[in-house]
Asks: 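Can you read through this structure? Questions will come right after.
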Amino acid sequence: MAKKITYNKIDENLYEIPEDFEKGMNVPARFYASRNTLGIITNDNSLNQLINVAKLPGIIKYALAMPDIHQGYGFPIGGVAAFDYDGGLISPGGVGYDINCGVRLLKSNLQKEEVQNHIKDLTSMIYYSCPTGTGKGACVNVSEKELRKILQNGAGWAVKNNYGDSRDLDYIEDNGQLTADDSYVSKRAIERGKYQVGSLGSGNHFLEIGYVESIYNRKLAQIYGVRENDVVVQIHCGSRGFGHQVCTDYLKKLSSYINKNNINLPDRQLVYASIHSEEGKGYFNAMNAAANYAFNNRQVLTHYVRRSFEKSLKVLKKPVHLDLIYDITHNIAKIESHTINGKKKKLIVHRKGATRAFGPNHEAIPDKYKNSGQPILVPGSMGTYSYLLAGTEKAMQDTFGSSCHGAGRTMSRTQARKSFGANKLILQLSKKDIHLQAKSKKGVSEEAPGAYKNVNDVVNILNSSGLVEKVARLRPMAVIKG
DNA sequence: ATGTCC
């Protein structure tokens, strides 16, 4: 029987497991929660995983968990951990299997009323032009030579090949490209990647047409370019089988590194390497290649969504366009500079199921948004609200500039399948005027809103903690799922 | 998350 976790309340929605709670912890573990979510969070293994993360060498300040925390592979999902760059710890478990899984938000020049009557045709056209579900299927099949260009250039590949506009690149985190040497990617990953360029995937991935339901901050909404009733599109997906294979490959390689160097781990799933070692350098480069794969994936899908809007809404007899508001990643480790005890320090920041949330005037934010902090996209569970938020200076100080990534699961996929029937869920959505087009009933059950926390609660925890500014809330009209 | 076991 594991020992009961004790923690101190250090702010209204912030709790801390002290460094002396368990032998081996190098820093305290902090998590954001409300009275409502506390019972859910302590119900799974996620806080034990967070304590294990606090035991890793070179961790800075504290192991952090966002309010959407739940257990994952090694590190909890909804976790943030920053390591000293000189020590160089990098860990695949701190990134996740779906490397650079992320969300992008597009805004159309159309109003809810204009799209409402055509929603089923539009959804269907997108559904058949954007492959969904597990396995093969892609908007475009590429040769190994072209794939390697994608792995190096990210979303720039799509733009160069006419899947988008060069302006899109300004509104993607890191401009849709991280530095990557693709020679560190396995042959098997290459094989899997060739046939999935421009595909949605399954699980919690989705494509959603919705509208801006309410505005919380007019000034920030104006800067981001959203108004009430604007029709928007969210695309949530990642690096597909390619990223999965990279993760699998390097968990194995780094496991050998751990054995070779006689390193004791609090959990076998927490394998890591120094980024300065050959193994660590290999993972960092392969991870970045997978990140580029995902950036490009979302860009190619965007192109097909745009074409579907144009074709399907010809009846409106007006030009239809979709502008990219922002594209964020919530599964990545990045080298960033942060102020620690008054001094700038180079860190390796792992965000797993956590979104970057840089505050105003950060150099990484596009000029147009410079004064407002970066846009943060928090999709809710299927058929519920999603949020557009802005990063704050407080997030820079308290969470290495990080926020949550969604509502966060409250039960396993297996448990959700047993608890919720797909047909009933589809009916419930339709009563709310939300049209669902899904590849598998199993997938629908697994993604039942009842298997997730309430996204409103999760966002309010971060908002009341000062980590994010609420900008707008989005309501779905139609959802496409794998 | 994932050709849910190469």
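Every chain is numbered from 1 and lettered A, B, ... according to where its sequence line falls, protein lines coming before strand lines. Just so we're clear, the structure is a prediction, and the values are computed from it rather than from any experiment.
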Asks: Over all strands shown, is A:K442 touching base, sugar-phosphate only, or nothing at heavy-atom distances under 4.0 angstrom?
Replies: base
Asks: Can you measure A:L251 atom CG to B:dT2 atom C1' for me and round it to whole angstrom units?
Replies: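 Between C1' of B:dT2 and CG of A:L251: 13 Å.
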Asks: Please list, chain by chain and in numerical order, all residues satisfying side-chain hydrogen bond (donor to acceptor under 3.5 Å, both in side chains) with A:E173, sequence neighbours excluded.
Replies: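 With sequence neighbours excluded, A:E173 shows a side-chain hydrogen bond (donor to acceptor under 3.5 Å, both in side chains) to A:K334, given in chain and number order.
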Asks: Using a cut-off of 4.0 Å on non-hydrogen atoms, how would the nucleic acid contact of A:G135 be classed: base, sugar-phosphate, or nothing?
Replies: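 Touches sugar-phosphate only.
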Asks: Parallel, tilted or perpendicular: which describes the rings of A:H405 and A:H70, with under 30° parallel and over 60° perpendicular?
Replies: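 Correct class here is parallel.
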Asks: Which sits closer to the 5' end of DNA chain B, A:G238 or A:R188, going by the nucleotide each is nearest to?
Replies: A:G238
Asks: At less than 4.0 Å, is any side-chain N or O atom of A:S202 found next to OP1 or OP2 of B:dT2? Yes or no.
Replies: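 Indeed, a polar side-chain atom of A:S202 lies that close.
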Asks: Output side-chain donor-acceptor pairs under 3.5 Å for residues 88-98 of chain A, partner residues at least two apart or in another chain, one line each.
Replies:
unit_1 : atom_1 : unit_2 : atom_2 : d
A:S91  : OG     : A:G93  : N      : 3.4
A:S91  : OG     : A:V271 : O      : 2.8
A:D98  : OD1    : A:S239 : N      : 2.9
A:D98  : OD1    : A:S239 : OG     : 3.3
A:D98  : OD2    : A:H205 : NE2    : 3.0

Asks: Rounded to whole angstroms, how far apart are CD on A:Q245 and C1' on B:dT2?
Replies: 10 Å
Asks: Take atom CD of A:E191 and atom C1' of B:dT2, then tell me their distance rounded to the nearest Å.
Replies: 17 Å
Asks: Rounded to whole angstrom units, what separation is found between the CG atom of A:N297 and the P atom of B:dT2?
Replies: 10 Å
Asks: Report the residues that fulfil side-chain hydrogen bond (donor to acceptor under 3.5 Å, both in side chains) with A:S430, sequence neighbours left out, ordered by chain and then residue number.
Replies: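 Applying side-chain hydrogen bond (donor to acceptor under 3.5 Å, both in side chains) to A:S430 gives none.
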Asks: Return the set of residues passing ring pair (Phe, Tyr, Trp, His ring centres under 6.0 Å) with A:Y369 (not counting sequence neighbours), or none when no residue passes.
Replies: A:Y171, A:Y224
Asks: Between A:R409 and A:S381, is there a side-chain donor-acceptor contact under 3.5 Å, judged purely by atom types and distance?
Replies: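 No.
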Asks: Separation of A:K252 atom NZ from B:dC6 atom P, in whole Å?
Replies: 11 Å
Asks: A:D98 has an atom CG; how far is it from atom C1' of B:dT4, in whole Å?
Replies: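 Rounded to the whole Å, the gap is 14 Å.
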Asks: Whole angstrom is fine here: how far is it from NZ in A:K439 over to C1' in B:dT4?
Replies: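 Answer to the nearest Å: 17 Å.
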Asks: Who pairs with A:K194 by side-chain hydrogen bond (donor to acceptor under 3.5 Å, both in side chains), at least two apart in sequence or on another chain?
Replies: A:E191
Asks: What residues from residues 402-413 of chain A pass a heavy-atom cutoff of under 4.0 Å to DNA chain B?
Replies: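 Only A:R413 qualify.
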Asks: Check the distance between B:dT2's C1' and A:E447's CD and give it to me in whole angstrom.
Replies: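 Spelled out: CD on A:E447 to C1' on B:dT2 is 14 Å.
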